[in-house]
Enquirer: 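Please see the structure below; I have some questions.
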Amino acid sequence: MAPNEVPGETAGEIRGEARGETRRRASRYVVPVAVAGVAAATIGLVPALAASGDPDLPEITAQQLIEKIAASETQTLSGTFRVSTDLGLPALDGLASGLGGLGGGEGSSTADPSQKLTELASGTHTLRLAADGPERQRLTLLDGSDEYSLIHNGDDVWAYDSKSNEVFHEKGASEGPKAEEKELPATPKELADEVLKAAGDTTSITVDGTAKVAGRDAYQLVIKPKQTGSTVASVKIAVDAANGTPLKFTLSSVEGGKPVVDAGFTKVDFARPDASVFAFEVPKGAKVTEGAEEARKSEKLPEDFEKEFGDFGKGLNVIGEGWTTIAKLDTGAPAPKTDEAPKEIQGLLDSFGDEVTGKFGSGTLFKTKLVNALLTDDGKVYVGAVTKDALVDAANAGK
């Protein structure tokens, strides 16, 4: 192990237990929460040194920085947030619409967040964000002259799509199942110590320089896999030097080029937003869909669903650890032939699917800059944020 590196876990592993069970609640749509979750899961022990042209900040170890993040009392903010996603996929306009439609049944609202926010999975988007504690948040997605707003205010969640003039409303947002509460460390230092203790040896995590983000001085945390075979080159998080708030998150692929995800504030203000920011009045003539009714539609399953898919997950197996973890699923049935798929789907599969062969026989590799999947002709599926060679090796080993 190099002297300037420390053990660590992937951000996803550390973050997993903190997700909770709030799947239909507004908080899962607030982008800063996701960024904060990743940043709070990162550690390192190397002092940050100011690079030329960047802020000249006091040296700080990453343990001290994780303590600063844990101790952050940021509850209020507003600003502009830019998200750019490049998975290296072909144009997915039609597919994105189709995926969005999976969230609801026929006639479902275009304002439903589970559908609308799938747009953030590709391209570049600008958002306006505001937060006033856990009870009030607002996100506005700007798309040319059209706007999509998602507002959480107390027990109410409102979403409005100006293009279709449709409104989605859900009552009782503060109710519902709660995640199992666990006793947390009493101090930020104890939390940092716990993270260090739980760290594995698959990750190199350092504090590397400083930066200006949205006019704020920030320290840079850089996370890199030590294992070979991962598609992740690095994860970089900019953390506000004054208050420990994550300001920017960048995920880069070993393929190079544009980052897979580049998301961060371009403007930010930590003052309390005016209460009027979180108020919502249904526009005249707008169609309103109630969330409870929408949920009942989406929860209806085809009569044969259980028969066809009930055993789907029984053949799941996990191979490896850390950044090179691979999920293997044995469907127990030969893979469907792509030439039998609808023309639109067949064209999509051909555009990012490659035929591969090995000791396992033959199959099709579906590739992106981050997650790859190998579907063998005998019905086995290997999926992970790993390279083609790593998937083929796993299939050859017959694990």
Side-chain angles (χ1 to χ4, degrees), residues 5 7-19 37-38 41-42 85-90 92 95 99 121 198-205 223-235 251-257 259-261 309-336 338 348-399:
E5 297 177 349
E9 292 184 337
T10 65
E13 289 171 332
I14 301 175
R15 194 174 63 227
E17 293 186 357
R19 287 192 177 123
V38 176
T42 61
T85 308
D86 180 13
L87 289 170
L89 292 169
L92 294 179
L95 180 61
L99 288 175
D201 58 359
T202 63
T203 308
S204 164
I205 306 177
I223 307 135
K224 295 182 178 180
K226 285 185 177 180
Q227 300 162 296
T228 59
S230 173
T231 54
V232 176
S234 67
V235 177
L251 170 62
S252 299
S253 166
V254 293
E255 289 188 10
V260 177
V261 179
F309 300 103
D311 295 333
F312 187 73
K314 292 184 178 179
L316 185 63
N317 187 30
V318 177
I319 303 168
E321 63 177 350
W323 299 85
T324 56
T325 299
I326 296 173
K328 176 191 175 184
L329 180 66
D330 190 347
T331 65
T338 57
L348 177 66
L349 296 179
D350 290 342
S351 64
F352 70 105
D354 291 334
E355 290 188 13
V356 293
T357 59
K359 294 179 181 178
F360 62 88
S362 60
T364 303
L365 178 77
F366 301 105
K367 57 187 182 299
T368 73
K369 292 172 68 173
L370 184 61
V371 178
N372 293 321
L374 172 61
L375 174 60
T376 64
D377 289 347
D378 61 357
K380 295 182 178 64
V381 183
Y382 298 83
V383 183
V386 297
T387 61
K388 167 188 172 180
D389 289 344
L391 290 177
V392 170
D393 287 346
N396 283 336
K399 294 180 178 179

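By convention here, the first residue in the shown sequence is residue 1.
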Enquirer: Is Thr324 reaching over with its side chain to a backbone N or O of Gly229, donor-acceptor style, under 3.5 angstrom?
Expert: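 Pair absent, no side-chain N/O of Thr324 close to backbone of Gly229.
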Enquirer: With rounding to the nearest 0.5 angstrom, report the CG to OG1 distance, Asp86 to Thr368.
Expert: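 Rounded to the nearest 0.5 Å, the CG-OG1 separation comes out at 10.0 Å.
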Enquirer: Counting only N and O atoms by type, is there a donor-acceptor contact under 3.5 Å from the side chain of Glu255 to the main-chain atoms of Lys369?
Expert: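 Between the backbone of Lys369 and the side chain of Glu255 there is no qualifying donor-acceptor contact (under 3.5 Å).
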Enquirer: Under 3.5 Å, side chain of Glu321 to main-chain N/O of Thr202, donor-acceptor pair present?
Expert: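 Such a contact is absent between Glu321 side chain and Thr202 backbone.
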Enquirer: Under the 3.5 angstrom rule, does the side chain of Asn372 hit a backbone N or O of Val386 as a donor-acceptor pair?
Expert: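 Yes, Asn372 side chain to Val386 backbone: donor-acceptor pair under 3.5 Å.
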Enquirer: Can you tell me if Asn317 uses its side chain to pair, donor with acceptor, with the backbone of Lys328 under 3.5 Å?
Expert: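 No, Asn317 side chain to Lys328 backbone: no donor-acceptor pair under 3.5 Å.
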Enquirer: Are Thr231 and Val371 packed together at the side-chain level, in the sense that at least one heavy-atom pair is separated by less than 4.5 angstrom?
Expert: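 A side-chain contact is absent here, since even the closest heavy-atom pair is not under 4.5 Å.
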Enquirer: Just verifying a value: how many Å separate Thr203 OG1 and Lys224 NZ, rounded to the nearest 0.5 Å?
Expert: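 The NZ atom of Lys224 is 12.5 Å from OG1 of Thr203, to the nearest 0.5 Å.
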Enquirer: Check Ile319 against Ala394 and note the closest heavy-atom contact, atom names and distance.
Expert: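 Closest pair (atom of Ile319, atom of Ala394, distance): CD1-CB, 4.4 Å.
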Enquirer: Taking side chain as C-beta onward, heavy atoms only, is Phe366 less than 4.5 Å from Val383?
Expert: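 The answer is no, as the side chains (C-beta and beyond) never meet within the 4.5 Å cut-off.
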Enquirer: Please round to the nearest 0.5 Å and tell me the distance separating atom CG of Leu374 and atom NZ of Lys388.
Expert: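 Leu374 atom CG to Lys388 atom NZ measures 9.5 Å (nearest 0.5 Å).
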Enquirer: In sequence, state the C-alpha distance, the side-chain angles, and the governing distance for Val232 and Leu370, and then conclude on side chain to side chain contact (heavy atoms under 4.5 Å, CB included).
Expert: CA-CA 7 Å; Val232 176; Leu370 184 61; 3.7 Å; yes
Enquirer: Run the side chain to side chain contact (heavy atoms under 4.5 Å, CB included) check on Thr376 and Tyr382 step by step: do they pass?
Expert: CA-CA 8 Å; Thr376 64; Tyr382 298 83; 4.1 Å; yes
Enquirer: How long is the straight-line distance from OG1 of Thr387 back to CG of Asp393, given to the nearest 0.5 Å?
Expert: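 So the gap between those two atoms works out to 8.0 Å.
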Enquirer: Minimum heavy-atom separation for Thr357 and Ser362, please, with both atom names.
Expert: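 Minimum heavy-atom contact is CG2-CB, 4.0 Å.
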Enquirer: Nearest heavy-atom pair of Asn396 and Lys359: which atoms, and what distance?
Expert: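 Looking at all heavy atoms of both residues, the shortest contact is OD1-N, 2.7 Å.
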Enquirer: If every non-hydrogen atom of Ser253 is compared with every non-hydrogen atom of Val260, which pair is closest and at what distance?
Expert: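 Taking every non-hydrogen atom into account, CB-CG2, 3.7 Å.
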